[in-house]
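We name chains A, B, ... by the order of the sequence lines, and we start the count at 1 in each one. What you see is a predicted model, and the numbers here were worked out from it, not measured in a lab. In what follows, every heavy atom counts, from backbone to side chain, and hydrogens, waters and symmetry copies are set aside.
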There are 2 protein chains.
Amino acid sequence: MIINELEIKRGLQNRGIRPSNKRVAVMKYLIENPVHPTVDEIYRDLHKSIPSLSKTTVYNTLKILVGNGAVLSLLIDDKNCRYDGFTHSHAHFICNSCGKIFDVGLKEGYNFNGTVDLKGFNVKSAHLYFSGYCELCNSLAGNCEQ
Amino acid sequence: MIINELEIKRGLQNRGIRPSNKRVAVMKYLIENPVHPTVDEIYRDLHKSIPSLSKTTVYNTLKILVGNGAVLSLLIDDKNCRYDGFTHSHAHFICNSCGKIFDVGLKEGYNFNGTVDLKGFNVKSAHLYFSGYCELCNSLAGNCEQ
DNA sequence: GTTCCTGCAAAAGCTTTGCAGAAGA
DNA sequence: TCTTCTGCAAAGCTTTTGCAGGAAC
């Protein structure tokens, strides 16, 4: 996926985030690598092309991006926090065998009215997580009950 | 809530978990304190009545209970893992202000068929998390947009 | 010049691990 | 006796913090 850096800069500015080169790089990485990477994965990959990048900056940047809604933080993997540059409404599936996290489409315009009772709560965000076995791991295991 | 220890013992045995006193105590605590406590909260409270209890044992026990489905682990609070002894299908809401976690009822028999596309996935569990402001925090803030 | 960004090193905090002793079957 | 459970201490990791130098405006 080829992303225009200028577009990313503008997107950050629209959210009131000063678009430093490193911040743009992190945002770009998340959009180009929609695999829900951990902080360490982001750092290790970007560090190759930007040797002066520190992990602290990756942490700082992600905190800002998440705080401004430019990026989602996923609490699906009990080992690490994961980050998602795709912020449109969707759910996630984590494979208990290979650990990969998959995006799962939510029906257009779907909300949880009628399925849950949220009376009295001022809801700001919703996350729907699934776990189990992905197609590949499931077939490798011979379709036997896991 | 008064829980029969014998009942808990039988419940653990039915899941193949040897019901030592400390394991029963942890399970009982989770059922009697459905506030989604952290490991540290469980440890600190139980330690008062069972001074010989160690945090290692709390960790060990929770791992076994979660592994056997007797307890749910909740990844809703980015600081700590939380535990829930109530394993029937329900969703959770975390208040961004006070940090409390609330159980949210799911419509009886509800599943996500039709709302999400899980073709190819062998789904073993689903978690639905909401965040925002609870009724009390919302009213204290004067109902202004948070 | 002032503000904000960044990196280093250290600290903090949660969780896991190894091992030895204790408890239970 | 043999297996399992438990506690202690240490280690491992992720994440946060304090501070000083540097960049941007």
Side-chain angles (χ1 to χ4, degrees), chain A residues 5 8-10 12-13 15-29 36-68 70-83 99 101, chain B residues 5 8-10 12-13 15-29 36-68 70-83 99 101:
Chain A
E5 279 196 20
I8 291 179
K9 274 193 181 178
R10 281 197 211 100
L12 295 184
Q13 282 174 321
R15 292 177 180 278
I17 303 169
R18 193 184 288 189
S20 74
N21 289 341
K22 290 175 182 176
R23 288 176 178 175
V24 171
V26 170
M27 189 71 226
K28 185 160 177 270
Y29 179 86
H36 318 93
T38 63
V39 169
D40 199 58
E41 285 162 354
I42 298 168
Y43 168 73
R44 286 208 315 263
D45 281 354
L46 285 180
H47 186 74
K48 292 172 193 162
S49 46
I50 312 174
S52 72
L53 180 70
S54 76
K55 204 180 264 191
T56 302
T57 294
V58 177
Y59 273 107
N60 286 340
T61 300
L62 288 171
K63 184 171 286 182
I64 292 171
L65 294 176
V66 170
N68 282 271
V71 163
L72 290 180
S73 69
L74 305 183
L75 298 173
I76 190 175
D77 170 359
D78 57 354
K79 302 292 177 199
N80 306 92
C81 192
R82 294 178 171 269
Y83 295 90
I101 294 172
Chain B
E5 278 196 20
I8 291 178
K9 274 192 181 178
R10 281 198 211 97
L12 295 185
Q13 283 174 319
R15 292 179 180 276
I17 302 170
R18 194 185 286 189
S20 74
N21 289 341
K22 291 174 181 177
R23 289 174 179 176
V24 171
V26 170
M27 189 71 226
K28 186 160 174 271
Y29 180 85
H36 320 91
T38 62
V39 169
D40 199 59
E41 286 163 353
I42 298 168
Y43 168 72
R44 285 208 315 262
D45 281 353
L46 285 179
H47 187 74
K48 293 173 192 161
S49 47
I50 313 173
S52 72
L53 180 70
S54 75
K55 203 180 267 192
T56 303
T57 295
V58 177
Y59 274 107
N60 286 341
T61 300
L62 288 171
K63 183 172 286 181
I64 292 169
L65 294 176
V66 170
N68 283 270
V71 163
L72 290 180
S73 69
L74 306 184
L75 299 174
I76 190 175
D77 170 359
D78 57 355
K79 303 292 178 201
N80 306 93
C81 192
R82 295 180 170 268
Y83 296 90
I101 294 172

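Note: CG (A:L53) to P (C:dC5) measures 15 Å, nearest angstrom. Rounded to whole Å, atom C1' of C:dC14 lies 14 Å from atom CG of B:L75. Distance, B:K9 NZ to C:dG24 C1': 12 Å, rounded to whole Å. Rounded to whole angstrom, the span from the CG atom of B:D77 across to the P atom of C:dG13 amounts to 15 Å. Taking atom CG of residue B:L46 and atom C1' of nucleotide D:dT6, one finds them 15 Å apart after rounding to whole Å.
Comparing B:N60 and B:N21 by the nucleotide of DNA chain C that holds the closest heavy atom to each, the one mapping nearer the 5' end is B:N60.
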Tabulated below should be each protein N or O lying under 3.5 Å from an N or O of nucleotides 14-16 of chain D; please produce it.
from: D:dT15; atom 1: OP1; to: A:C81; atom 2: N; distance (Å): 3.4
from: D:dT15; atom 1: OP2; to: A:Y59; atom 2: OH; distance (Å): 2.9
from: D:dT15; atom 1: O5'; to: A:Y59; atom 2: OH; distance (Å): 3.3

I'd like a list of close polar pairs between nucleotides 1-5 of chain D and the protein, N/O only, cut-off under 3.5 Å.
from: D:dC5; atom 1: OP1; to: B:R23; atom 2: NH1; distance (Å): 2.6
from: D:dC5; atom 1: OP1; to: B:R23; atom 2: NH2; distance (Å): 3.2
from: D:dC5; atom 1: O5'; to: B:R23; atom 2: NH2; distance (Å): 3.3

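In this structure, the side-chain contact (heavy atoms from CB on, under 4.5 Å) partners of B:R15, at least two apart in sequence or on a different chain, are B:I17, B:N68, B:A70. Partners of B:Y29 by ring pair (Phe, Tyr, Trp, His ring centres under 6.0 Å), not counting sequence neighbours: none found. A:S20 meets the side chain to side chain donor-acceptor pair (under 3.5 Å) test with no other residue; sequence neighbours excluded. A:K79 is linked by a salt bridge (Lys or Arg N to Asp or Glu O under 4.0 Å) to nothing, counting only residues two or more places apart in sequence or in another chain. By the salt bridge (Lys or Arg N to Asp or Glu O under 4.0 Å) test, B:R44 pairs with B:D40, sequence neighbours left out. With sequence neighbours excluded, the residues forming a side chain to side chain donor-acceptor pair (under 3.5 Å) with B:T57 are B:S54, listed by chain and number. For B:T56, there are no side chain to side chain donor-acceptor pair (under 3.5 Å) partners at least two apart in sequence or on another chain.
Scanning all heavy atoms of the two residues, the minimum distance from A:I50 to A:A25 falls at CD1-CB, 3.6 Å.
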